[in-house]
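Following: one structure in structure tokens, then a few remarks.
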Amino acid sequence: MSTSIPLPGLETITAAEPPQRRGPSAEELLAGLNDPQRAAVVHEGAPLLVVAGAGSGKTRVLTRRIAWLISERRAHPGSILAITFTNKAAAEMKERVEDLVGKRARIMWVSTFHSACVRILRKEVTTLDFGGVGFKSNFSIYDAADQKRLMTLVCNDLDLDPRRYQPGALLHWVSNQKNELRDPEDATKDARNHLEETYAAAYTTYQRRLREANALDFDDLIMFTVHLFQQFPEVRETYRRRFRHVLVDEYQDTNHAQYALIHQLCADAISDGGPMVDPEVERVEPAELMVVGDADQSIYAFRGANIRNILDFEQDFPNATSILLEQNYRSTQTILTAANSVIGHNKGRKEKRLWSDAGDGDRIVGYVADDEHDEARFVSGEIDKLTDEGRFRPGDVAVFYRTNAQSRVFEEVFIRLGMPYKVVGGVRFYERREIRDALAYLRLLVNPADQVSLRRILNTPKRGIGDRAVACVNALAERDRITFWEALRRAEDAPGLATRSLTQIQGFVALVEELQSMVDGGERPDVVLETTLARSGYLTALEESDDPQDETRLENLAELVAVAREFADDPVAGPSADPADVDAGTVAPGLGDFLERVALVADADQIPDDDPEDQGVVTLMTLHTAKGLEFPVVFLTGLEDGVFPHSRALGDQTELEEERRLAYVGVTRARERLFISRAVVRSAWGAPSHNPGSRFLDELPVDLVDWRRTEAAQTRWSRPDLSGGQHYGEPTAAGRRNFSAAAVRADAAARSKPSREIPSLDPGDRVLHDSFGLGTVVALEGAGDKAVASIDFGSEGVKRLLLRYAPVEKL
Ligand SMILES: Nc1ncnc2c1ncn2[C@@H]1O[C@H](COP(=O)(O)OP(=O)(O)OP(=O)(O)O)[C@@H](O)[C@H]1O
Ligand SMILES: [Mg+2]
């Protein structure tokens, strides 16, 4: 499948060739390359290291070299192994090489480390016989959730105190061991204290259980392949004979195990083969190796990536040749200078002189937003302007953020404005399972006839209402021609329903009815939502789960509560509100209104992935996902200390440097235009926090950035180095709201109480309303907190107002 994400360096130099056409000429293959790039493409023999800054054509050179090997050096495509960082990048690279040299390229191996190892192990794993229990080639591959479940079992096996030994922490430790190629025996042997002994015991049991399940985890894929090669030289030699050319992109993000794998395939003398190396096995000449990378873009240390692999390449491969690329072809000089300036703050790095002849280009635009909604509106407003001018299409634009949860606000604004977008590497917020579950609960409260919602959550979280019970209730509904909900309420009449199921169903019905009474009482949507999540056991189920994803789910639900709270605080503002939609002070927004608003936002199916005129769509993604890509226009958002750099990194120099490399990756994705933004207040996890500007902002040259900011932000905040900024826009409702909201958000109880005295009114009374002016009370319903007055405001019409909220004064 072709993707609309531009993977740079992979561009075609000739159109797809007709079947009989001869391959491209050498000149064609070298067209559009500078001298050092050509040298890298045609290099023969010794291991080759191409180190260069972002956008200097590393990926392009690697792709061309593959085509060159096949076309000019007559290498058999099957003898080529190229490693990329993602499957997407692999698919693109393969496609481009095929475009260049034709279909015969198809049999080369272009893949990630993991995919390559799966292929090898499917074939060879039966050779491995750890502890007498062999693997079968149909082994399963365990993902993070599977691993967590398995490790929980291990903890039970070993009777480990769950408060001291958490499966997540154990798995992290095990993963580190595997990335260092240390098996359970190594770990046990080297354990220096009780804690390490326990970890090693967990590792041993975990591996045994994996074996029994005929399963491998991701780290095993690499470690087992390396062990296979080390222990069975004849197998290794088979692959050495096969792969005559090995090429690795993004080499800076390889970990030790991956490095060892490359070493096994390409090193001249294999030092770490151990005693099992069989002198009888005929040694094969090492494969030609080419690795390309940029130490400044190493951003996966948390997965064991070792920056030393690239720094030490010349030591590891003593006869290596290095080629340096210094010209950047991606970005304007302004963008490049900014990137160089930020990364220059990292210590102990090799200085690079990256330059561009693309001209200075436009200045970087900076924006200090009142809050995250304001930031999202700024981004969408700028995209609108750029596309209206006709210079860029939506597909040219990418919006980057540090963590996945930050996509939500952008999504809401984009949907509201009809801006086509896609989220890469994450599910759209309102399509996430937990969000759909929570909304299904709320829909049910408003509309008990909503069968789809009801069935979705009837047994979510698990409460022992299984398929059989549902079938019995269904039978009752059909027999008596009542709704499914009615049938649930009368479940005692359901034919064949087990007593246990009946009790469970009655408990569920009581829960829903209780929650419904909150809704009928006019309770705030956020309070209803929070209560629902708590009372239904949904939160507890997630909290107690071992699935690492459930932590993210909790965060997402907190985010949804924040959405509801904002809506209840001020239905006029908020990302998806059009002031014209809501009459200020009319009946306080209830759950139904909230659901309606959310439904509009959540109706993401309406958004085409790519629009018919091939304008493309705006891409939203995290900075980690952006590696290797490029876009004409980039928005780098959330530049706040505690967001980016991540709060975890603030006190740690090493982590801070990794965050800075991430910033460098982000900035260098931009070709022509770069926008940077931060929000003065950000409502993460439902509570507003004031974050200072990112320290990376201070590391940008002052004269390269045009600061635009709101008046509100200006008065509240000042940076000495950004004083020359230009005014942008008016203070927004959202900004004002968040500031006042910050002050009053003391606790949930306080939020759900009226903050003002309720005027006592009678029909015929004259009142003054802040927005609608003079009016006459025509009718009254309810009392106390729930008192609603119908008031005739003459030309403004008759409004129904919940007096608890309405700004009316009796005259
Ligand atoms: N000699 C050249 N002439 C014109 N354009 C080039 C040249 N070399 C590379 N490019 C273009 O420059 C851009 C960056 O190239 P590429 O993505 O290969 O760089 P990279 O070094 O791999 O970047 P990164 O470090 O971000 O992975 C691409 O659009 C590529 O097509
Ligand atoms: Mg690249």
Side-chain angles (χ1 to χ4, degrees), residues 5-14 27-42 48-68 82-86 88-90 92-93 95-97 99-100 110 112 247-254 290-300 307 310 323-333 335-336 339-340 343 350 352-359 361 396 398 400 621 623-634 661-672 674:
I5 295 192
L7 278 163
L10 302 175
E11 80 306 335
T12 328
I13 55 162
T14 51
E27 247 341 281
E28 281 172 303
L29 285 171
L30 297 176
L33 297 178
N34 63 31
D35 287 346
Q37 288 178 328
R38 282 172 180 235
V41 169
V42 305
L48 173 64
L49 168 68
V50 178
V51 272
S56 53
K58 296 183 295 296
T59 304
R60 176 189 262 217
V61 163
L62 196 145
T63 311
R64 290 285 183 89
R65 180 173 166 85
I66 299 175
W68 178 267
I83 302 287
T84 57
F85 207 70
T86 61
K88 197 191 267 299
E92 283 280 328
M93 189 175 284
E95 206 174 293
R96 292 296 173 260
V97 175
D99 285 349
L100 288 169
V110 182
T112 62
L247 307 97
V248 187
D249 199 1
E250 309 277 2
Y251 189 67
Q252 75 279 358
D253 277 320
T254 48
M290 177 211 215
V291 305
V292 312
D294 176 7
D296 288 335
Q297 293 184 66
S298 168
I299 54 175
Y300 279 93
I307 207 164
I310 198 160
I323 291 181
L324 196 67
L325 306 178
E326 292 188 310
Q327 180 166 2
N328 170 296
Y329 291 93
R330 179 180 294 148
S331 311
T332 64
Q333 189 59 49
I335 291 166
L336 219 50
N340 288 339
I343 198 66
K350 277 190 195 163
K352 287 196 287 270
R353 286 191 313 266
L354 208 54
W355 60 278
S356 160
D357 69 2
D396 293 333
F400 299 150
M621 62 170 90
L623 284 152
H624 278 98
T625 326
K627 197 170 74 155
L629 307 180
E630 64 186 24
F631 296 88
V633 182
V634 163
R661 290 194 289 270
L662 199 53
Y664 175 74
V665 168
V667 170
T668 54
R669 299 308 97 197
R671 296 177 67 116
E672 295 174 50
L674 177 65

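All ligand and atom numbering here is 1-based and tracks the order in the structure. Side chains included, hydrogens not; waters and symmetry mates left out as well; all remaining heavy atoms used.
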query: Applying a 4.0 Å heavy-atom criterion (strictly less than), which segment of Gln327 is in contact with ligand 1: side chain, backbone, both, or neither?
result: neither

task: Say whether Ala52 and ligand 1 are in contact under the criterion: heavy-atom distance to a ligand atom below 4.0 Å.
output: no

- prompt: Applying a strict 4.0 Å limit to heavy atoms, is Thr668 in contact with ligand 1?
  reply: no

query: Once you round to the nearest 0.5 Å, how far does CZ of Arg671 lie from CZ of Phe631?
result: 11.0 Å

- prompt: Between Asn34 and ligand 1, which part of the residue brings a heavy atom under 4.0 Å of the ligand: side chain, backbone, both or neither?
  reply: backbone

task: Please confirm whether Gly55 comes within less than 3.5 Å of ligand 1 when only nitrogen or oxygen atoms on both sides are compared.
output: yes

- request: Indicate the atoms forming the closest heavy-atom contact of Ser331 with Thr668, along with that distance.
  value: OG-O, 4.1 Å

message: To the closest 0.5 Å, what do you measure between CG (Leu336) and CD (Gln327)?
response: 10.0 Å

field: Pick from Lys627, Arg669, Glu630: the one approaching atom 26 (O) of ligand 1 most closely through a non-hydrogen atom
entry: Arg669

message: With respect to Gly57, determine whether any N or O atom, backbone or side chain, lies less than 3.5 Å from an N or O atom of ligand 1.
response: yes

- prompt: Which word best sums up how the rings of Tyr300 and Phe85 line up, parallel for under 30°, tilted for 30 to 60°, or perpendicular for over 60°?
  reply: tilted

- prompt: Can you name the nearest heavy-atom pair linking Ala52 to Asp294, along with the distance?
  reply: O-CB, 3.0 Å

- request: Check each atom of ligand 1 against the heavy atoms of Arg671 and keep those under 4.0 Å away; list them by number with element.
  value: 29 (O)

field: Test log, rule salt bridge (Lys or Arg N to Asp or Glu O under 4.0 Å), inputs Arg38 and Glu27
entry: CA-CA 10 Å; Arg38 282 172 180 235; Glu27 247 341 281; 3.8 Å; yes

Identity of the nearest option to atom 17 (O) of ligand 1, non-hydrogen atoms only, from Gln252, Arg60, Arg330: Arg330

task: Might you point out which heavy atoms bring Arg64 and Leu30 nearest each other, and give the distance in Å?
output: NH1-C, 4.1 Å

